[in-house]
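Letters go in sequence order (proteins before strands), and every chain restarts at 1. Hydrogens, waters and symmetry mates are skipped; everything else that's a heavy atom, side chains included, is used.
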Amino acid sequence: MKYWLMKNEPEDYGIDDLKKDKTEHWDGIRNYQVRNMIRDDMSIGDMAFFYHSNCEIPGIYGLMTINSKAYPDHTAFDKKAKYYDIKSDKNKPAWLMVDVKYKRKLQKIITLKELKSKKELSEMRVVQKGNRLSITEVSKKDWEYILSLEKK
DNA sequence: GCCAACGTTGGC
DNA sequence: GCCAACGTTGGC
């Protein structure tokens, strides 16, 4: 069982949208490192933080579970879709996605600022400069520490 | 809206 | 296969 942090822009799709939808496919991954990670390392039942990026208050807003294995991202075949990719062929899909299931919103937002202020989390990928991966793995230790911050 | 950091592309 | 140019991400 692994833990993840998954970024999305709330203007595009945020935690409240997932709360409403209950489950949704996490499409639009167009980075090979991230694709390989969801293909090789992610499993059904893994837990993930829903992180809001590129917004007024970047940070962790909620929890979700991974609800499927990686499967072809059909938005890559759709010429009208934002993330259409001419290189992805239906017979040989270049891009994958997983389904995520809403668990709950955090009682309070754990902001990026707060994450950065904790020396315990200095190893975490999201707090490191120049990290641009939309999905990163979170260690069990960091996962539990972050959840403990919710109670403070 | 700026810009640093990083990934991708493509000429050679 | 190198690397400059370009595009994207995302915090600020």
Side-chain angles (χ1 to χ4, degrees), chain A residues 2-21 24-42 46-66 68 70-100 102-139 141-143 145-150 152:
Chain A
K2 290 180 187 285
Y3 302 91
W4 306 93
L5 181 141
M6 299 169 74
K7 295 184 197 171
N8 209 46
E9 303 190 7
E11 276 198 29
D12 180 36
Y13 193 86
I15 186 72
D16 288 322
D17 299 304
L18 184 62
K19 184 180 182 182
K20 186 154 46 75
D21 295 340
E24 182 59 289
H25 43 258
W26 198 272
D27 61 67
I29 294 168
R30 297 293 180 268
N31 172 288
Y32 290 107
Q33 260 179 282
V34 175
R35 182 204 65 185
N36 294 348
M37 210 158 42
I38 68 165
R39 184 189 60 199
D40 302 334
D41 299 331
M42 216 176 233
D46 284 358
M47 302 278 300
F49 288 129
F50 195 134
Y51 178 96
H52 285 189
S53 67
N54 213 355
C55 58
E56 196 174 348
I57 306 173
I60 296 167
Y61 282 67
L63 305 180
M64 54 195 177
T65 51
I66 305 305
S68 78
Y71 63 100
D73 181 344
H74 59 78
T75 67
F77 310 135
D78 181 358
K79 276 188 181 148
K80 292 188 287 295
K82 184 179 172 190
Y83 291 109
Y84 171 68
D85 186 347
I86 197 164
K87 296 191 299 300
S88 190
D89 185 271
K90 272 187 186 171
N91 300 315
K92 201 166 173 279
W95 300 113
L96 304 172
M97 61 185 175
V98 294
D99 291 343
V100 294
Y102 175 79
K103 189 169 174 68
R104 66 178 177 88
K105 286 172 82 166
L106 294 189
Q107 293 164 43
K108 73 179 183 84
I109 302 159
I110 311 294
T111 64
L112 177 62
K113 195 176 163 192
E114 186 170 0
L115 295 175
K116 281 184 169 170
S117 74
K118 306 293 182 192
K119 65 174 189 318
E120 291 88 344
L121 299 175
S122 58
E123 300 290 308
M124 240 185 115
R125 297 293 302 273
V126 268
V127 305
Q128 287 165 12
K129 199 160 131 185
N131 164 58
R132 300 175 55 208
L133 298 182
S134 60
I135 299 179
T136 49
E137 191 176 346
V138 177
S139 71
K141 181 168 72 67
D142 289 351
W143 176 274
Y145 181 76
I146 290 165
L147 284 182
S148 79
L149 298 175
E150 190 190 9
K152 285 181 185 159

Bounded by its outermost nucleotides with an atom under 4.0 Å from a heavy atom of chain A, the footprint on DNA chain B reads B/dA5 to B/dT9
Closest-nucleotide 5' rank along DNA chain B - winner of A/Asn54 and A/Arg132: A/Asn54
How would you label the contact of A/Gln33 with the nucleic acid (heavy atoms, under 4.0 Å): base, sugar-phosphate, or nothing? sugar-phosphate
Tell me, please, which residues at least two apart from A/Tyr84 pass side chain to side chain contact (heavy atoms under 4.5 Å, CB included). A/Lys79, A/Ile86
Does A/Lys108 have any side chain to side chain contact (heavy atoms under 4.5 Å, CB included) partners at least two apart in sequence or in another chain, and if so, which? A/Ile110, A/Glu114
For A/Asp41, all residues meeting side-chain hydrogen bond (donor to acceptor under 3.5 Å, both in side chains), sequence neighbours excluded: none
My understanding is that only residues two or more places apart in sequence, or in another chain, count here; which of them pass side-chain hydrogen bond (donor to acceptor under 3.5 Å, both in side chains) with A/Asp46? A/Trp4
Set of ring pair (Phe, Tyr, Trp, His ring centres under 6.0 Å) partners for A/Tyr32, sequence neighbours left out: A/Trp95
